[in-house]
Amino acid sequence: MTDRRTGHVILGINALVLGYLPAAWQSPLLGKDSFVDPAYWETIGRTAERGTLDVVFLADAPVLGDPAHDANPIRLEPTVTWGHVAAATQRIGLVATASTTFNDPFELAERLLSWDHLSGGRAGWNIVTTRGADAARNFGLPDVPLRDDRYDRAAEFVDVVRALWDSAATGADIRHHGDLFQLEGRLRVPPSRQGRPVLLQAGGSPKGRELAGRVAEGVFAAELTKDKAIEHYRLVKRLARGNGRSPDDVKILPGLLLSLGSTEEEARRRNDELHDAGPAAYSVQWLSQSIGYDASKLELDEPFPEEVLAAPADPQTFQGSMGFRESIVAQIRRTNPTVREYLRQTRSTGSGHAGFVGTPEQLADHIEDWFHSGAIDGFNLQPDVLADGLAVIADELVPILRRRGLYRHEYQTDTLRGHFRAAAATPDSA
Ligand SMILES: Cc1cc2nc3c(=O)[nH]c(=O)nc-3n(C[C@H](O)[C@H](O)[C@H](O)COP(=O)(O)O)c2cc1C
């Protein structure tokens with residue numbers, strides 16, 4: 001029996017530009033330039049705000065994506081996109097992903113705090129270390145640094161950024177002489193309405209979770225099953241406590257891939273049509289880059305060989321996300337499907353992120369179940385096509401959650417940090 005929590009869930013939207021499925025661009029609601037159209041992005045912000053959602057989020061990497069497994073290979077830089085949307089909205093939180101491997105802490109601290117000012121205190125930074133050699137080559141490197149080196153840099157990078165944000169408040173220079181960064185000085189940007197941007201983290205390896213426990217106020221996670229999500233939830237809350245923080249200081253927001261319809265059949269038909277309209281090899285390519293093995297070489301009507309599921313020989317050099325890989329392998333081990341069955345089932349169960357195909361009422365049931373089970377503080381929802389999927393969330397899902405006492409009727413707070421703090425407390429069981 002789970003203890004019934006009081007308070008509301010957190011609802012984010014991981015915009016993924018046009019939607020999480022590669023065929024999203026074919027929607028009749030979109031033009032060929034929607035992804036660079038200011039009006040498209042204003043509509044995303046305003047629709048999310050109409051639903052009193054907490055935050056819109058942009059995952060990102062500083063590289064042209066591979067359309068074989070990236071549904072949105074071309075995209076604008078997130079802080080610029082959300083800078084524009086901030087001017088068209090008043091309450092919705094705005095989270096941009098930025099790499100600690102391919103940025104400079106002073107420049108990023110200044111850019112994020114400036115944007116936080118102009119958004120009225122609604123900015124958040126999703127901390128990632130970036131995966132894949134393609135991004136590295138854009139910065140003159142043959143490959144990304146080893147995973148632990150990336151996270152050692154991330155840890156020091158974040159400390160420098162936070163010290164610089166402190167200097168904005170104290171007016172005192174910082175003198176940082178660390179292993180990776182040396183700087184003396186202070187920011188020229190004053191503190192924002194919420195003081196400083198909210199810190200989020202995405203990355204499920206041990207060092208990723210360690211960083212989350214120490215500094216993150218939000219964790220964008222990949223959890224395919226409720227029991228693994230509960231495990232992850234309790235781990236990060238424990239890590240926060242271990243760093244002298246309240247478990248309420250960090251909110252856990254797994255991603256959820258969505259295809260919604262007015263009936264389950266309609267939702268399934270929409271999901272199938274979008275998958276069928278996309279590249280046939282997309283699911284195989286996504287799986288291959290997630291587990292670090294060319295899945296097209298596997299026997300379709302056989303289960304996954306153990307050597308494919310076993311942990312990467314060297315996690316330091318594994319090019320994907322350990323967080324995604326672990327969630328996929330746990331999902332496969334649960335039902336031991338053939339490769340063909342797995343690729344088919346991922347249409348509804350998701351791969352990397354959990355999937356959901358159904359009605360807004362059924363989605364509210366799912367959210368309520370995971371929330372009261374202590375598996376989440378909210379979800380980072382990822383519609384198959386944003387152009388219409390986001391409106392269903394704002395206009396149909398939110399009213400259902402409100403009737404159940406699970407969501408705000410109107411904004412009571414006006415900063416992103418305020419939205420997070422207004423959400424339900426961590427259950428005692430966590
Ligand atoms: C839910 C989730 C979302 C992620 N989003 C991004 C992203 O937008 N950009 C990025 O470069 N890495 C992203 N990552 C990967 C990591 O943040 C990071 O890049 C790192 O290199 C690999 O993370 P991990 O091995 O700790 O999972 C994501 C990972 C997870 C689990």
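Basis for what follows: all heavy atoms, side chains included, without hydrogens, waters or symmetry-related copies. All ligand and atom numbering here is 1-based and tracks the order in the structure.
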Taking the six-membered ring for Trp, are F139 and F102 parallel (under 30°), tilted (30 to 60°) or perpendicular (over 60°)?
parallel

Student check: side-chain heavy atoms of S205 and Y151 closer than 4.5 Å
yes

Could you tell me whether G323 and ligand 1 have an N or O pair separated by under 3.5 Å?
yes

Tell me whether the rings of W286 and F324 are parallel (<30°), tilted (30 to 60°) or perpendicular (>60°).
perpendicular

Nearest non-hydrogen protein atom to atom 14 (N) of ligand 1, with distance, is R131 NH1, 3.0 Å

Within ligand 1, which atoms have a heavy atom of S205 less than 4.0 Å away?
24 (P), 25 (O), 26 (O), 27 (O)

Between CD on residue Q194 and NE2 on residue H419, distance to nearest 0.5 Å:
9.0 Å

Is the ring centre of F57 less than 6.0 Å from the ring centre of F220?
yes

Measure from atom 16 (C) of ligand 1 to every heavy atom in S99, A202, A98 and give the option owning the shortest one.
A202

I want to confirm something. Looking only at heavy atoms, which of F220, Y151, F318 is nearest to atom 23 (O) of ligand 1?
Y151

Closest to atom 8 (O) of ligand 1 among protein heavy atoms sits D60 N, 2.9 Å

Nearest neighbour in protein (non-hydrogen) for atom 19 (O) of ligand 1
T130 N, 3.0 Å

Would you mind checking which non-hydrogen protein atom is closest to atom 20 (C) of ligand 1, with the distance to 0.1 Å?
T129 OG1, 3.1 Å

Sub-3.5 Å N/O-N/O distance, A59 and ligand 1
no

Going by the angle between their ring planes, with limits at 30° and 60°, are F181 and H176 parallel, tilted or perpendicular?
tilted

Identify the protein heavy atom lying closest to atom 30 (C) of ligand 1, giving its residue, its atom name and the separation to 0.1 Å.
F324 CE1, 3.7 Å

Would one find an N or O of H353, backbone or side chain, under 3.5 Å from an N or O of ligand 1?
no

re atom 6 (C) of ligand 1, the protein heavy-atom contact at minimum distance is V128 CG1, 3.8 Å

Among F356, W370, Y407, the one residue meeting ring-ring contact (aromatic ring centres under 6.0 Å, His included) with F379:
W370

CD (E273) and CG (D384) are apart, to the nearest 0.5 Å, by 11.0 Å

Give, for atom CZ of R333 and atom OG1 of T225, the distance between the pair rounded to the nearest 0.5 Å.
13.5 Å

Considering the heavy atoms of G204, write down every atom of ligand 1 situated less than 4.0 Å from one of them.
24 (P), 26 (O), 27 (O)

Counting heavy atoms not belonging to R404, are there more than 12 under 6.0 Å from its CZ?
yes

Per-residue contact class, Q201 against ligand 1 - non-hydrogen pairs under 4.0 Å
neither

Give the residue, atom name and distance (to 0.1 Å) of the protein heavy atom nearest atom 29 (C) of ligand 1.
S321 OG, 3.6 Å

Check K207 against ligand 1 and report side chain, backbone, both or neither, counting heavy atoms closer than 4.0 Å.
neither

Between R5 and D428, does at least one N-O distance fall below 4.0 Å, as a salt bridge requires?
no

Would you kindly specify which portion of A135 sits under 4.0 Å from ligand 1, judged on non-hydrogen atoms: side chain, backbone, both or neither?
neither

